[in-house]
Asks: 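For reference, the structure I am asking about is given below.
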Amino acid sequence: MTKQADWLQILVECQKNIKNQISPLLKTLNQPQPNLGLGAGGDPIKQIDLAAENAIIATLKGYDVSFTLISEESGIKKYGENPNVCFVTADPIDGTTNLMRGIPFYATSIAVSTQPTLRTVHTALVTDLFHDIMYTAQRGKGAHRNDKAITPSTNYTLEEAVIGVDLNTYKVSKIAPQLSGLIRRTKHIRHFGANALEICYVADGTTDAFIDIRGKLRATDMSAAWLIAEEAGAKITTPTGKPLSIKLDPKQKVAFIAAANPKIHATILDLIKPEKEAK
Ligand code: IPD
Ligand code: CA
């Protein structure tokens with residue numbers, strides 16, 4: 001088996017174990033939750049986030065691999081004898097608020113790279129934990145939804161499009177002027193609340209674009225979905241159309257436009273016209 005095939009198998013095993021570990025906790029969400037402090041990404045840690053992260057770590061340890069974990073919850077941790085050759089970037093639960101409120105849209109996201117950089121991600125998995133749908137990608141081998149190869153939509157008219165826009169920020173007045181032209185012209189605007197999964201929806205043609213120009217999303221949330229989108233053939237760039245090139249770190253933030261095809265990507269870019277590149 002190749003190195004990449006091994007990692008895909010390991011990630012599939014990780015998500016199976018996450019599902020097993022969180023299943024009993026799903027029944028206790030209406031009970032008072034312990035205060036576990038803040039995670040490395042800056043949000044309060046929930047018991048269920050930790051259980052999912054522990055499932056990832058236990059699975060990787062079971063395969064006896066060396067790796068550096070870059071996680072939204074516990075930050076950067078090194079495991080094994082040679083942890084600097086493999087980086088596992090994880091958001092154990094993306095969409096924790098949805099999960100806690102019983103909204104059936106949340107995922108786990110895991111990306112494997114040779115450096116702590118987005119560009120070197122070679123294997124990725126995002127699993128919709130409620131509907132049990134698994135998105136995977138390997139560099140150069142395309143992207144899959146369960147076992148089926150996926151491609152984005154070919155639609156490029158805003159009149160027909162379903163476009164996700166994350167407006168989830170107290171500083172919405174800053175980005176609203178940039179987005180208003182696009183929102184005015186788009187028939188269907190959505191935001192479901194788990195950005196990893198929403199990028200996968202662009203990858204498999206469920207939606208036509210997903211836009212997050214807040215500069216607030218953590219790299220841990222989208223590193224796996226980035227490869228899935230790229231491998232499916234979608235176009236995911238900075239808000240000014242440049243390739244995304246970011247460090248993988250729990251504190252790294254990212255702004256992006258994910259679009260199904262170059263035509264709709266160009267239309268969106270033209271309507272958004274950011275004043276300056278998000279750092
Ligand atoms: C959140 C979701 C949400 C986005 C937030 C993220 P989390 O991820 O992706 O859609 O608006 O910015 O933090 O915190 O549930 O992992
Ligand atoms: Ca999370």
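Both counts, for ligands and for their atoms, begin at 1 and track the order of listing.
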Asks: Please confirm whether Ile93 approaches ligand 1 to less than 4.0 Å, judged on its heavy atoms.
Replies: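 Ile93: in contact with ligand 1 (<4.0 Å).
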Asks: Please write down residue, atom name and distance for the protein heavy atom closest to atom 16 (O) of ligand 1.
Replies: Asp91 OD2, 2.9 Å
Asks: Has ligand 1 got any nitrogen or oxygen that is less than 3.5 angstrom from a nitrogen or oxygen of Leu217?
Replies: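 No; the residue has no nitrogen or oxygen that sits under 3.5 Å from a nitrogen or oxygen of the ligand.
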Asks: Return the residue, atom name and 0.1 Å-rounded distance of the protein heavy atom closest to atom 8 (O) of ligand 1.
Replies: Asp94 OD1, 2.9 Å
Asks: Considering only heavy atoms, does Asn98 approach ligand 1 within less than 4.0 Å through its side chain, its backbone, both, or neither?
Replies: neither
Asks: Considering both backbone and side-chain atoms of Lys216, is one of its nitrogen or oxygen atoms within less than 3.5 Å of a nitrogen or oxygen in ligand 1?
Replies: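 Between Lys216 and ligand 1 (N or O atoms, distance only) the closest approach is not under 3.5 Å.
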Asks: Checking a contact table here: which protein heavy atom is nearest atom 10 (O) of ligand 1, and how many Å away?
Replies: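 Looking only at protein heavy atoms, the one closest to atom 10 (O) of ligand 1 is Asn195 OD1, 2.7 Å.
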Asks: Would you kindly say whether Asn17 and Thr59 are connected by a side-chain donor-acceptor distance under 3.5 Å?
Replies: yes
Asks: To the nearest 10 degrees, how large is the angle at the Ca ion (ligand 2) between Asp91 OD1 and Glu72 OE2?
Replies: 100°
Asks: For atom 13 (O) of ligand 1, find the nearest protein heavy atom and state the residue, atom name and distance (0.1 Å precision).
Replies: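 The protein heavy atom lying closest is Arg218 NH2, 3.1 Å.
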Asks: With the side chain counted from C-beta on, respond yes when Ile257 and Ile236 share a heavy-atom pair under 4.5 Å apart, and no when they do not.
Replies: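 Ile257 vs Ile236: side chains apart.
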Asks: Take the angle between the ring planes of Phe130 and Tyr106 and call it parallel below 30°, perpendicular above 60°, tilted in between.
Replies: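 The arrangement is perpendicular - the two ring planes meet at more than 60°.
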Asks: Hydrogens and angles aside, do Asp204 and Thr206 bring a side-chain donor and acceptor to less than 3.5 Å of each other?
Replies: yes
Asks: Ligand 1 versus Ala196, non-hydrogen atoms closer than 4.0 Å: side chain, backbone, both, neither?
Replies: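 For Ala196, there is no contact with ligand 1 at all, from either part.
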Asks: Nearest protein heavy atom to atom 12 (O) of ligand 1, by residue and atom, and its distance?
Replies: Arg214 NH2, 2.9 Å
Asks: Cut-off 3.5 Å, side chains only: do Asn261 and Tyr156 have a donor facing an acceptor?
Replies: no
Asks: Flag the pair Ser71 / Glu53 as yes when at least one side-chain heavy-atom distance between them is below 4.5 Å, and no otherwise.
Replies: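 Touching, per the 4.5 Å side-chain cut-off.
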Asks: Is there a donor-acceptor contact under 3.5 Å linking the side chains of Thr120 and Gln115?
Replies: no
Asks: Considering only NZ, NE, NH1 and NH2 on the basic side and carboxylate oxygens on the acidic side, decide whether Arg218 and Asp43 come within less than 4.0 Å.
Replies: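 Here Arg218 pairs with Asp43 in a salt bridge, since their nearest N and O are under 4.0 Å apart.
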Asks: For ligand 1, is there an N or O atom under 3.5 Å from any N or O atom of Asp221?
Replies: yes
Asks: Suppose we only count N/O/S atoms under 3.0 Å; would Gly95 qualify as near the Ca ion (ligand 2)?
Replies: no
Asks: Ion pair present between Arg139 and Glu231, side-chain N to carboxylate O less than 4.0 angstrom?
Replies: yes
Asks: Using 30° and 60° as the class boundaries, would you call the ring planes of Phe67 and Tyr79 parallel, tilted or perpendicular?
Replies: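 Taking Tyr79 first and then Phe67, their aromatic rings lie parallel (interplane angle under 30°).
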Asks: Check ligand 1 against Asp43 and write out every atom of the ligand that is under 4.0 Å from a heavy-atom position of the residue.
Replies: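 Once the distances to Asp43 are compared, the set is 14 (O).
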Asks: When you check the gap from the basic side-chain N to the acidic O, do Asp49 and Lys46 get nearer than 4.0 Å?
Replies: no
Asks: Would you say Thr97 and ligand 1 have an N/O pair spaced under 3.5 Å apart?
Replies: no
Asks: What protein heavy atom is closest to atom 15 (O) of ligand 1, reported as residue, atom name and distance in Å?
Replies: Gly95 N, 2.7 Å
Asks: Measure the distance from atom 4 (C) of ligand 1 to every protein heavy atom, then report the residue, atom name and distance (to 0.1 Å) of the closest one.
Replies: Asp166 OD2, 3.4 Å
